[in-house]
Amino acid sequence: MPIGLDDVVAAETALSDVDGLAGRLIIRGRSLDDLAGRETAESMLGLLLAGAFDAVPTAAELGDARAEIFSRFKAKLGDLGTLPVYDGVRAAIAQLPDDDSTHTALLLIAAPAVLVPALLRTQRGKAVVEPDAGAAHSADILHMLLGRVPAVPEVNGLDTYLVTVADHGLNASTFAARVVASTQAGLNSAVLAAYGALKGPLHGGAPGPVLDMIDQVGTPERAEPVLRSILDRGERLMGFGHRIYRVRDPRADALKAALSRLQRTERLNLALAVETAALKLLRTKKPDRPLETNVEFFTALLLDALGFPRDAFTAVFAMGRTTGWIAHAREQALSGRLIRPKSHYIGPMPREAA
Ligand code: ACO
């Protein structure tokens, strides 16, 4: 019995395919190598949401949705800011409509894009920067976060990130979204379920701890002894291993390339030393289990280089993945069946009547 549903096919999808043996991610017939660095957050709407609604949402509508999110929540930022960023975004989303319209889809995509920068600035006592509905999505997010016009490599770096994480087969959060959508609940309900699943450290909660681990290492020479002691304590190395990939996660390379186009050479050298030492130790300590670098390792470094603090990393992941969640939720609702697996009962049976 596949506990954890390993290798169980639970849906048919035309959205994305993860080949864990070849180390290949395909989204709508295009490989990640082709998409990352070329497409933008807006163009992923067209790629992933084609067929999900009467018309494909446009970049202009996404800009309008950012402005609407800001006006809906600007008076509530103080209250939402008392929560951790991820929970603040989730609490705000719970107040949005729960239907299957394009407008709701766009609000759900725009919400983390506007609220992550706004909540971070609120929490740090900085003036909140309003969105610019006419700006490109990634440029606007960075402008709202940094309070300055971002440089082109920074915008490209965020676009590469948002494209890279936009969809990834039937991962835990996407599965959660599809389960909820299969009941014919609205898009908001499906996306909120996905937020719950994404939060855990075995899924989208890993990149913050990745950076903690790199900081703990401090200098390249310390990489091997520090990582060895983590493994000797029976703990996992964050940013390594994957349920599906038995070779390198292709997303790690897409993000590594984006990172190397930004500066911060010293930090990159440290990260590469940590990666090399981790892979060497994992091969020795877990020879039977191929454990390679996963997406979260370079996510942590790239988002850090772009100016996102580590407590916001998982919410930034949601910024990119929401498009995929919505695409899957619509695909499930339009063509799928109620998802209702069985469990295997291992508890006691009622006593036979005497
Ligand atoms: N460090 C050390 N050992 C590991 C790691 C790791 N990162 N990952 C797996 N292992 C070991 C386990 O201890 C186990 O060893 P054992 O058989 O001797 O007990 C073996 O590899 C298999 O582990 P499982 O938990 O069965 O593997 P699974 O496929 O469920 O794990 C997972 C996938 C959860 C991602 C795991 O590799 C992990 O915990 N990695 C660290 C956290 C992380 O990076 N999460 C982000 C994942 S990417 C994403 O979701 C976007």
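Ligands are counted one by one from 1 in listed order, and the atoms in each one are counted from 1 as well.
In this structure Y86 satisfies the ring pair (Phe, Tyr, Trp, His ring centres under 6.0 Å) test together with Y195, sequence neighbours excluded. For L211, the side-chain contact (heavy atoms from CB on, under 4.5 Å) partners two or more places apart in sequence, or in a different chain, are R267, A300, L301, D304, R310, F313.
When atom types are taken as modelled, the side chain of D100 and the backbone of G186 share no donor-acceptor pair closer than 3.5 angstrom. Here the side chain of E130 pairs no donor or acceptor atom with the backbone of M144 at under 3.5 angstrom.
Q332 and S182 form no side-chain donor-acceptor contact under 3.5 Å, judged by distance and modelled atom types alone.
Taking Ile, Leu, Val, Met, Phe, Trp and Tyr as hydrophobic and joining them when side-chain heavy atoms fall under 4.5 Å apart, one finds I244 in a cluster with L15, V18, L25, I27, L32, L35, M44, L47, L48, V163, Y245.
At a 4.0 Å heavy-atom cut-off, the residues surrounding ligand 1 are P201, L202, H203, A206, L231, R236, L237, M238, G239, F240, G241, H242, R243, L282, K286, R289, L291, N294, V295, E296, F317, listed by chain and number.
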